[in-house]
2 protein chains.
Amino acid sequence: MLFRVDPASSVPLGDQIAACVRGALADGSAEPGERLPAARELADSLGVNVHTVLRGYQRLREEGLIELRRGRGAVIVPGVAAPDRARLVSRLREAAAEARELGLTEAEFLELARTSLG
Amino acid sequence: MLFRVDPASSVPLGDQIAACVRGALADGSAEPGERLPAARELADSLGVNVHTVLRGYQRLREEGLIELRRGRGAVIVPGVAAPDRARLVSRLREAAAEARELGLTEAEFLELARTSLG
DNA sequence: CCCTTGTTTGCACTCTACTAGAACAATGAG
DNA sequence: CTCATTGTTCTAGTAGAGTGCAAACAAGGG
């Protein structure tokens, strides 16, 4: 599982960390039952504060993706359903189809997609 | 066209206002050529600052949904495809939100969008 | 017991969204 | 032309979220 973080991004660091786990789970590079790196360790490795990592972990717990226990660490809930990347792809396909119907050029469509990211 | 806004929500007021117009356009309760309420007027009506309304309008302009001119106000782009375009924008925003949850970078998202065009 | 690891608390800093007030510049109506 | 309307721009202040830093606390495991 790869953790990547961009301090310059507008999306909060904690959310980015949570997104890494979600993404890894979605593309198979992480599996249910797997243990996440300890908060302090990951924080050090990313050059980020412990609170920030913990906040990402908390969010994942709220989503039911991981379990947190003192002394044991963070573990991906065994048997949890992975968030699907397939749905994102299918949504993009629908959008692309509509764009084609509207006669948008590729450049216009991509520009629209870019602004959609906020 | 109905404007509803929730100050307690985590999504910015300006974005909420923009979403109102997008939705109204998509579901037919607003039509191309129609004029949006004046910024100061809408701001008063919603109990919100003028700048906040204007920010929402600006975003709609970036998306190509409305035109803004001094003295004339905000007008929904009088193209026949405006409602469809509004729906396309909404779908792209949903897709963008999912991409963010999965930790995709802007480049990865745009690449995915590009390949979706076939 | 000791070490690891999550949990909680308190303070300070920065950035964004929002509010507030004012002045400016097109536009259209009279 | 005159003038009210309306978007545009500017400055400045406020509140909250995100983050960093530091410390103390509690549960689990060797």
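Note: hydrogens, waters and symmetry copies are ignored here, and every other heavy atom, side chains too, is used. Note that this is a predicted model, so its numbers are computed, not measured. Letters go in sequence order (proteins before strands), and every chain restarts at 1.
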Nearest whole angstrom, please: distance from the P of D:dT8 to the CZ of B:Arg40.
-> 11 Å
Comparing A:Gly14 with B:Leu68, nearest DNA chain D nucleotide closer to 5' gives the residue B:Leu68
A:Asn49 atom CG is separated from C:dT14 atom C1', nearest whole Å, by 14 Å
Side-chain N or O of B:Arg61 closer than 4.0 Å to phosphate OP1/OP2 of D:dT8 = yes
Test A:Arg87 against B:Glu98 for salt bridge (charged side-chain N to carboxylate O under 4.0 Å, His left out), laying out the working first.
-> CA-CA 9 Å; A:Arg87 191 177 48 192; B:Glu98 272 192 43; 3.4 Å; yes
Within less than 4.0 Å of OP1 or OP2 of D:dT19, is there a side-chain N or O belonging to A:Arg55?
-> yes
If you check the B:Ala39 side chain, which of D:dG7, C:dT19, C:dT5 turns out closest?
-> D:dG7
Verify the contact: side-chain N or O of B:Arg69 to OP1 or OP2 of D:dT8, cut-off strictly under 4.0 Å; return yes or no.
-> no
Looking only at atom types and distance, does a side-chain atom of A:Arg59 sit under 3.5 Å from a main-chain N or O of A:Leu54, one as donor and one as acceptor?
-> no
Please list all pairs passing the side-chain hydrogen bond (donor to acceptor under 3.5 Å, both in side chains) test where one or both residues lie in residues 41-56 of chain A, with sequence neighbours left out.
-> A:Asn49-A:His51
The side chain of B:Tyr57 lies closest to which of these nucleotides: C:dG6, D:dG7, D:dT19?
-> D:dG7
Over how many whole Å does the gap from B:Leu42 atom CG to C:dT19 atom P extend?
-> 12 Å
Give B:Gln58 one of three labels, base, sugar-phosphate or nothing, depending on what nucleic acid heavy atoms sit under 4.0 Å from its own.
-> sugar-phosphate
Atom CD of A:Glu62 to atom P of C:dG6: distance rounded to whole Å?
-> 16 Å
Side-chain atoms of A:Thr52 come closest, of C:dG6, D:dG20, D:dT6, to D:dG20
Starting at atom CZ of B:Arg59, determine the distance to atom C1' of C:dT16, rounded to an integer number of angstrom.
-> 13 Å
Checking C:dT19, D:dG7, D:dA24 against the side chain of B:Leu13 (C-beta onward), the nearest is C:dT19
Looking at B:Arg22 and B:Glu63, does any basic side-chain N land under 4.0 Å from a carboxylate oxygen?
-> yes
Euclidean distance, atom CG of residue A:Leu36 to atom P of C:dT5 [Å, nearest integer] = 13 Å
What nucleic acid atoms does A:Val48 come within less than 4.0 Å of, heavy atoms only: base, sugar-phosphate, or nothing?
-> sugar-phosphate
Quick one: is C:dT5 close enough that its OP1 or OP2 comes under 4.0 Å of any side-chain N or O from A:Arg35?
-> yes
Is A:Glu111 paired with A:Arg114 through a side-chain N to carboxylate O contact shorter than 4.0 Å?
-> yes
Secondary structure of DNA chain C per the Watson-Crick/G-U criterion (both distances under 3.5 Å; [ ] crossing, | other strand, . unpaired) is ||||||||||||||||||||||||||||||
B:Glu94 and A:Arg91 ion-paired at < 4.0 Å = yes
To the side chain of A:His51, which of D:dA22, C:dT5, D:dG7 is closest?
-> D:dA22
When rounded to whole Å, the CD to P distance for the pair B:Glu67 and C:dT27 reads 12 Å
Residues A:Arg4, B:Glu108: salt bridge by 4.0 Å N-O rule = yes
Interatomic distance, B:Gln16 CD vs C:dA17 C1' [rounded to whole Å] = 12 Å
Look at the side-chain N and O atoms of A:Arg72 and state whether any lies under 4.0 Å from the OP1 or OP2 oxygen of D:dG28.
-> no
Minimum heavy-atom distance A:Pro7-A:Leu13, with the two atoms named = CA-CD2, 3.9 Å
